[in-house]
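Encoded as structure tokens, the structure appears first; notes follow it.
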Amino acid sequence: MSLFAQWNAILEGKGLTQAQTDEFWNAYLAQEKSIYEDILLSKSDKIEGTLKSFGEKYEFEPVLSIGFIDGIQTSLKETVDLDAITEESELNYTIDFEKLYFNMHKAKAEWLYTIPAWDQILTKEQQKEIKRNYVETVTVRIENKIGRNDPCPCGSGKKYKKCCIDKETA
């Protein structure tokens, strides 16, 4: 079974009680946060070395390391074939920090996008702009519907029902 398949089995949480699942995720998310803090503080946009060395650096088992790569993959400049990664696979990825910040908002991971080290990577203005862009993607806008008796938007001066509505239904 590949590391990625093992990670997916963990995500499904089969055979675990709710307490065990909660304990696992609390520990995993705390470690994930410390990895992101380290990456941001180092100001390095590179993930390099083997999966095994990455895991050893952050005290993560290989299956949890692949979980981290799974989580960050949408913020990488390269595409990742997670099924093909083994412990000895060479990682050579570049992080797009703006995309990462956006994706952290998208994942509603406040514990990650509020890490103080972001201020060393992105200016406050960049952070606000990225958040604004995220909010725009989730904001539902209801456009004003043209009423039958409203003036036609084509500028004819006629009521909509006597002008363009007839063209739409014809």
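Fair warning: this is a prediction, and the values are worked out from it, not measured in the lab. Starting from 1, each residue takes its place in the sequence as its number. When reading the values below, keep in mind they use all heavy atoms of this one structure, side chains included, and skip hydrogens, waters and symmetry mates.
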Next item on the list: Please lay out, stage by stage, how S75 and N103 fare under the test side chain to side chain donor-acceptor pair (under 3.5 Å).
Entry: CA-CA 7 Å; S75 303; N103 288 335; 2.8 Å; yes
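- Rounding to the nearest 0.5 Å gives a distance of 10.5 Å between CZ of F97 and NZ of K43.
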Return all side-chain donor-acceptor pairs below 3.5 angstrom for residues 105-115, not counting sequence neighbours, or 'none' if the list is empty.
unit_1	atom_1	unit_2	atom_2	d
K108	NZ	Y134	OH	3.4
T114	OG1	E110	O	2.5

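- In the hydrophobic clustering of this structure, L11 groups with L29; members are Ile, Leu, Val, Met, Phe, Trp, Tyr whose side-chain heavy atoms approach within less than 4.5 Å, directly or through other members.
- Residue D70 holds its CG atom at 5.0 Å from CG of L82, rounded to the nearest 0.5 Å.
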Next item on the list: Give the C-alpha distance, both sets of side-chain angles, the deciding distance and a yes or no for side chain to side chain contact (heavy atoms under 4.5 Å, CB included) between I72 and I47.
Entry: CA-CA 11 Å; I72 198 172; I47 297 176; 4.2 Å; yes
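- Contact check for Y93 versus D45: no side-chain heavy atoms found under the 4.5 Å cut-off.
- Residues F24 and I35 fall within the same hydrophobic cluster, defined by Ile, Leu, Val, Met, Phe, Trp and Tyr side chains chained together at heavy-atom separations under 4.5 Å.
- There is a side-chain donor-acceptor pair under 3.5 Å between T94 and E78.
- Considering only heavy atoms from C-beta on, Y36 comes within 4.5 Å of L100 through its side chain.
- Taking 4.5 Å as the limit, every side-chain heavy atom of I39 sits out of range of all side-chain heavy atoms of S44.
- K52 has its side chain within reach of E88: a pair of non-hydrogen atoms, C-beta onward, lies under 4.5 Å apart.
- A salt bridge between K124 and D119 is present, with a side-chain N of the basic residue lying under 4.0 Å from a carboxylate O of the acidic one.
- Looking only at side-chain heavy atoms (C-beta outward), I130 and Q127 stay at 4.5 Å or farther from each other.
- Within the 4.5 Å cutoff, no side-chain heavy atoms of E87 are placed close to those of T50.
- Within the 4.5 Å cutoff, side-chain heavy atoms of L122 are placed close to those of Y101.
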Item checked: Verdict with supporting geometry, E136 and N133, side chain to side chain donor-acceptor pair (under 3.5 Å) -> CA-CA 5 Å; E136 283 182 20; N133 290 339; over 6 Å; no
Check: Yes or no on salt bridge (charged side-chain N to carboxylate O under 4.0 Å, His left out) for E129 and R132, after CA distance, side-chain angles and deciding distance?
Finding: CA-CA 5 Å; E129 181 64 25; R132 192 175 313 117; 2.3 Å; yes
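- Between Y28 and W25, the ring centre distance stays below 6.0 Å.
- More than 12 heavy atoms of other residues, nucleotides or ligands sit less than 6.0 Å from atom CD of Q120.
- The two residues K158 and K162 come nearest to each other via the heavy atoms CD-O, 4.1 Å.
- Linking Ile, Leu, Val, Met, Phe, Trp and Tyr residues whenever their side-chain heavy atoms come within less than 4.5 Å leaves W7 and M1 in two separate clusters.
- Q73 CD to I95 CD1: the interatomic distance, rounded to the nearest 0.5 Å, is 13.0 Å.
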Next item on the list: Could you walk me through whether N8 and E12 pass side chain to side chain donor-acceptor pair (under 3.5 Å), step by step?
Entry: CA-CA 6 Å; N8 281 322; E12 292 172 10; over 6 Å; no
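- Distance check: I69 CD1 to L76 CG gives 7.0 Å after rounding to the nearest 0.5 Å.
- Residues S89 and A84 share a closest heavy-atom pair of OG-O, 3.8 Å.
- Under a 3.5 Å cut-off, the side chain of S53 and the backbone N or O of G49 do not form any donor-acceptor pair.
- Put simply, the side chain of L51 reaches to within 4.5 Å of the side chain of L91, judged on heavy atoms.
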In a table with atom names and distances, give each donor-acceptor pair under 3.5 Å that connects a side chain of residues 54-66 to protein atoms at least two apart or in another chain.
unit_1	atom_1	unit_2	atom_2	d
Y58	OH	D38	OD2	2.5
S65	OG	E61	O	3.2

